[in-house]
Amino acid sequence: MRETIAQLKERFEQALVAAFGEALAGTDPMLVSASNPKFGDYQSNVAMALAKRLGEAPRAIAEAIVQKLDVTDLCEPLTIAGGGFINLTLKTSYLKTQIKAMQSDARLGVASASEPQRVIVDYPSPNIAKEMHVGHLRPSFIGDAISRILEFLGHEVLRLSHIGDWGTPFGMLIAYVQEAYPEALKSSQGLDLGDLATFYRAAKQRFDADESFQEAARLSVVKLQAGDEETSRAWKLVCDLSNRTNRKIFDLMGLSPFIQERGESFYNPLLAGVIAELDRLGLLVEDDGAKCVFLEGFTNKEGKPLPLIVQKSGGGYNYATTDLAAIRYRVGVDQAQRIIYPVGMEQTNHFAQIFQVGRRAGWITDDVEFFYAPLGSILGEDGKKLKSRSGEAVRLVDLLDEAITRARTDLKTRLQEESREETEEFIENVAKVVGISAIKYADLSQNRTSNYVFNYDKMLALQGNTAPYMLYAYVRVQGISRKGGIDFEKLGADAPIVLQEETELTLAKHLLQFDEVLSSVEADLLPSRLCEYLFELSKKFNQFYDRCPVLQAEEPSRTSRLILSDLTARTIKLGLSLLGIPVLERM
RNA sequence: GCUCCAGUAGCUCAGAUGGAUAGAGCAAUUGCCUUCUAAGCAAUCGGUCACAGGUUCGAGUCCUGUCUGGGGCGCCA
């Protein structure tokens, strides 16, 4: 199956050349979904855009294009409206064959990339010295969804967690653990990350208050970097503990298990080479004892060029150095063609800066795409960045547990109201899936770049653009098969599709746009587009369901409607799975 | 001081390269369960797209300025 819009686009390009000559080869036909269903399914705005360039009236241009446009196999006769809109309505016969093709395709008509890329997605990249907190929620969910989508589309995806496992905060932590709890380092027993989080706070206090402790922390870093055995053992121990705890959280969040840790310590041996190369290229300047690359287009408060410090005056490296090493490695060794960083918007400057240096150093070329995907923040009800009551970052586990607890309470209330008996196992599973999915969907359905207000009641609501609403639409379809004793997999491959009712037609058209939506997400990395699509699909299904009896319908409508219902469920299931959300058969 | 992002219905938000009458959800009001379904469907209400200019056949979208909120701006990540 090929995307309908891609086919139409190609025909338009041919028609443009046929009507106006080779000069218009490659002109974007400006084909988009119709702004209003009454205009049809697609519209082209190209005639108006070309009016000035061709010096002709838009309507005349539209006429000329339509004259040369051969789409009789796909569309009803074209119409020209308003100031030169070309309106296209798909033929029902075409829709029927497409639906049949979709029915027999496990990929639901979504083609695999003709030119698969090697893609790196950098997430969720926690710091090992701290427990994961709200700040990791968006990178985790969005990174995971992007990875799944690109992978499904046939790309080779490498998920790399750029963990903070080196550097100053780590030295501080080790020093404090050594000082206050030396026995805890002798075995991993009795030391979980909750303890480490407490240690971290206490260590920070010590660090801020006591100069001699700061010195001890710095010494720990030096010893660690010098490869001191005991310090390294302590470091390793803490890393393992932290990773183990984080893995549990990944599981709870439903992240892909294929995330590889490749953090700061991994790049550590490569940092000197980065500096040497920048020096060799003549980009390196020493200023105030620090080694820097002066940036183009960035100025400091005095209006002078801003440096990107890559080696501190003390000789130490910083995150810019590590990120540059990662850039170099990902291009040179991993040979990635697309590297995606779903990271908070506050780091816009940082990424612009390291990309600039990467480009000037020749590591980033036109053959590789470094895609910084900025993320908006999660806000509290007060409109400010979400914080716990004590003013600290909210722990991720707490956030997730709370959602599950609330989902469980809602479910139990509902069961009581409906006098339903369910096993403890059923309740736990539904509560977990609904709770986690609600948070995840609420996050993903928001535009990636905009801030949003975190609100349990809204994300767990059973109506509206929420995970529970979508899950319920799926459950409804499964309800039909249970009630009617239908095995969807055995629905006749040769059974005809009937698109008589308005809602049947609308649903079918929407089902066929699944591939177009995924293409758009592939390009722009905005998972919210997929959420929007699934929400629309659920609404259109509910409308169809309201007007069209399925099980009681006469053949051939009955089987046709069963096929449409099944396709809806399969699309929801696949779509949600690409967002990292599982479905439930009953809820 | 410089810079980036945001400001759209009472609330939360969509509005991809400028296109036809600016859309959803929630909330509010009103209908619809003897029909697989009510966690649903239908309908009503709700807008000076922050403000002022400009560009053009056409601006929520692009440009300039103003106001408001948030982020960033040399050795933290």
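Model, not experiment: these values are computed from the prediction. Numbers restart at 1 for each chain; the letters A, B, ... are given by sequence-line order, proteins then strands. Below, each value reflects all heavy atoms present in this structure, side chains not excepted, and no hydrogens, waters or symmetry copies.
A gap of 10 Å separates the P atoms of B:rA22 and B:rC49, to the nearest Å. Taking the P atoms as reference points, B:rU17 lies 8 Å from B:rC62, given to the whole Å. For the C1' atom pair drawn from B:rG69 and B:rC33, the interatomic distance equals 48 Å after rounding to whole Å. If you take atom P in B:rC75 and the same atom in B:rG15, they sit 37 Å apart, rounded to whole Å. Taking atom P on both B:rU8 and B:rU30, the two are 30 Å apart, rounded to the nearest angstrom. Using atom P as the reference point in both B:rG31 and B:rG53, the two lie 46 Å apart (nearest Å). Nucleotides B:rU66 and B:rG58 are separated by 27 Å at their P atoms, to the nearest Å. Comparing the same atom, C1', in B:rU61 and in B:rA6 gives a spacing of 15 Å after rounding to whole Å.
The shortest distance between the side-chain N/O atoms of A:Q543 and the OP1/OP2 oxygens of B:rG40 is not below 4.0 Å. One finds a side-chain N or O of A:Y469 lying less than 4.0 angstrom from the OP1 or OP2 phosphate oxygen of B:rC41.
The pair A:R558-A:E554 does not meet the salt-bridge criterion, since no charged nitrogen lies less than 4.0 angstrom from a carboxylate oxygen.
Nearest to the side-chain atoms of A:K312 among the listed nucleotides B:rA77, B:rA38, B:rC75 stands B:rC75. When distances run from any side-chain atom of A:N318 to the nucleotides B:rA77, B:rA24, B:rG71, the shortest one goes to B:rA77. Here the nucleotide nearest the side chain of A:K301, chosen from B:rC2, B:rC75, B:rC73, is B:rC73. In the set B:rC36, B:rA77, B:rC73, B:rC73 carries the atom at the smallest distance from any side-chain atom of A:L306. Listed nucleotides B:rC75, B:rU37, B:rA20 differ in distance to A:K483; the shortest reach to its side chain belongs to B:rU37. In this structure, the nucleotide among B:rG40, B:rA77, B:rC36 sitting nearest to the side chain of A:Q347 is B:rA77. Listed nucleotides B:rU35, B:rA77, B:rG74 differ in distance to A:E264; the shortest reach to its side chain belongs to B:rA77.
In summary, the aromatic rings of A:Y341 and A:Y372 are positioned with their centroids too far apart to meet the 6.0 Å limit. Less than 6.0 angstrom separates the ring centroid of A:Y267 from the ring centroid of A:H162.
Nucleic acid contact class of A:N87 (heavy atoms, under 4.0 Å, all strands): base. Residue A:C548 is in base contact, counting any heavy-atom pair closer than 4.0 Å across all strands shown. If you check every strand for non-hydrogen atoms under 4.0 Å, A:P468 touches nothing. Within the 4.0 angstrom heavy-atom criterion, base atoms lie near A:N300.
Contact check for A:R547 versus A:E504: no side-chain heavy atoms found under the 4.5 Å cut-off.
Between the side chain of A:D288 and the base of B:rG74, no donor-acceptor pair of N or O atoms lies under 3.5 Å.
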query = How would nucleotides 5-13 of chain B be written as a contact map, 5' to 3', with B for base contact, S for sugar-phosphate-only contact and - for no contact, using protein heavy atoms under 4.0 Å?
reply = S-----SSS

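Checking A:S528 against A:S538, the closest nucleotide of RNA chain B that is more toward the 5' end is the one next to A:S528.
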Close N/O contacts between protein and nucleotides 16-19 of chain B (under 3.5 Å):
from   : atom 1 : to     : atom 2 : distance (Å)
B:rA16 : O4'    : A:R529 : NH2    : 3.1
B:rU17 : O2     : A:D28  : OD2    : 2.9

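With sequence neighbours excluded, the residues that form a side chain to side chain contact (heavy atoms under 4.5 Å, CB included) with A:H136 are A:P126, A:M132, A:H133, A:S140, A:L396.
A:F351 places its CZ atom 14 Å from the C1' atom of B:rG72, with the value rounded to the nearest Å. In this structure, CD1 of A:I163 is placed 15 Å from P of B:rA77, rounded to the nearest angstrom.
Here B:rU64 sits opposite B:rA52 as a Watson-Crick or G-U wobble pair (both hydrogen-bonding atom distances under 3.5 Å).
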